[in-house]
Amino acid sequence: MNEKKNKINEDKMSVAELFWLNNQPDYLDAMINYNADLLTTVSVNGYPLGAEQAAKFYERNLWMFANMNNVPITKDDRIFVLMGATHTAFFKDFLRRSPKFKEVNTLDYLK
């Protein structure tokens, strides 16, 4: 996302506008790209340090999702999760594939 090109100034946005921006599919895809794809290009003396850090971040997301999976819920329960954009991007993938959870479109609530 090119903030200058799109005339976006996050410093002047309201919290609601930031939530809306940070939940756009293109923005979330960029967060995964920054975390996974770009980090894999970082190495120190031939050691893939960036890939190691990306793996740790992915593992943390899996732990967070495992914790959520272990919360006792019924089919009538609703869960609200508030987290940063990069965690959200990974969680959306986990939720889409989960037989236990049904993700709702965040943007429907950010009008």
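What you are looking at is a predicted structure, and each value in this text was computed from that prediction instead of being measured.
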Check: What about Val71 and Phe101, same hydrophobic cluster or not, with Ile/Leu/Val/Met/Phe/Trp/Tyr joined at side-chain heavy-atom distances under 4.5 Å?
Finding: yes
Item checked: Donor-acceptor pair, side chain of Asp77 and main chain of Thr74, under 3.5 angstrom -> yes
Note to self: Has Asn35 got a side-chain atom pairing as donor or acceptor with Met31's backbone, closer than 3.5 angstrom?
What the structure shows: no
Checklist line | Shared hydrophobic cluster, Met83 / Leu95 (ILVMFWY, side-chain heavy atoms < 4.5 Å) | finding: yes
Item checked: Expected output: side-chain Gln24 to main-chain Leu21 donor-acceptor under 3.5 Å -> no
Check: Taking the side chain as C-beta and beyond, is there a heavy-atom pair between Thr106 and Trp20 under 4.5 Å?
Finding: no
Checklist line | For Lys92 against Leu28, the heavy-atom pair lying closest together | finding: CD-CD1, 3.3 Å
Notebook entry, point to check: Could you give the distance from CD (Glu52) to CZ (Phe57), rounded to the nearest 0.5 Å?
Noted result: 15.5 Å
Check: If we only count heavy atoms from C-beta on, is the Thr86 to Tyr34 side-chain gap below 4.5 Å?
Finding: no
Next item on the list: Check for a donor-acceptor pair, side chain of Asp108 on one end and backbone N or O of Val104 on the other, with a separation under 3.5 Å.
Entry: no
Next item on the list: Could you please spell out the steps behind the side-chain contact (heavy atoms from CB on, under 4.5 Å) verdict for Tyr109 and Phe80?
Entry: CA-CA 12 Å; Tyr109 296 89; Phe80 173 78; over 6 Å; no
Next item on the list: Tell me whether Leu107 is reachable from Val81 by hopping between hydrophobic residues (I, L, V, M, F, W, Y) whose side-chain heavy atoms are closer than 4.5 Å.
Entry: no
Notebook entry, point to check: Is there a side-chain contact between Ser14 and Phe19 (heavy atoms, below 4.5 Å)?
Noted result: no
Notebook entry, point to check: With side chains defined as the heavy atoms from C-beta onward, is the minimum distance between Phe94 and Leu62 less than 4.5 Å?
Noted result: yes
Next item on the list: For the residue pair Arg60 and His87, establish whether any side-chain heavy-atom pair is separated by less than 4.5 Å.
Entry: yes
Notebook entry, point to check: Are more than 12 heavy atoms from other residues, nucleotides or ligands located less than 6.0 Å from atom NZ of Lys102?
Noted result: no
Next item on the list: Would you check if the side chain of Asn33 reaches a backbone N or O of Asp29 as a donor-acceptor pair within less than 3.5 Å?
Entry: no
Notebook entry, point to check: Going by heavy atoms in the side chains, are Glu103 and Phe91 under 4.5 Å from each other?
Noted result: no
Note to self: Within the 4.5 Å heavy-atom criterion, are Phe90 and Met64 side-chain neighbours or not?
What the structure shows: no
Margin query: Test of understanding: clusters of I, L, V, M, F, W, Y form through side-chain heavy atoms closer than 4.5 Å, transitively. Do Met13 and Tyr27 belong to the same one?
Written below: yes
Notebook entry, point to check: Is Trp63 linked to Phe65 within one hydrophobic cluster, defined over Ile, Leu, Val, Met, Phe, Trp and Tyr using a side-chain heavy-atom separation of less than 4.5 Å?
Noted result: no
Next item on the list: Side-chain contact test, heavy atoms from C-beta onward, threshold under 4.5 Å: evaluate it for Asn23 versus Thr88 and give yes or no.
Entry: yes
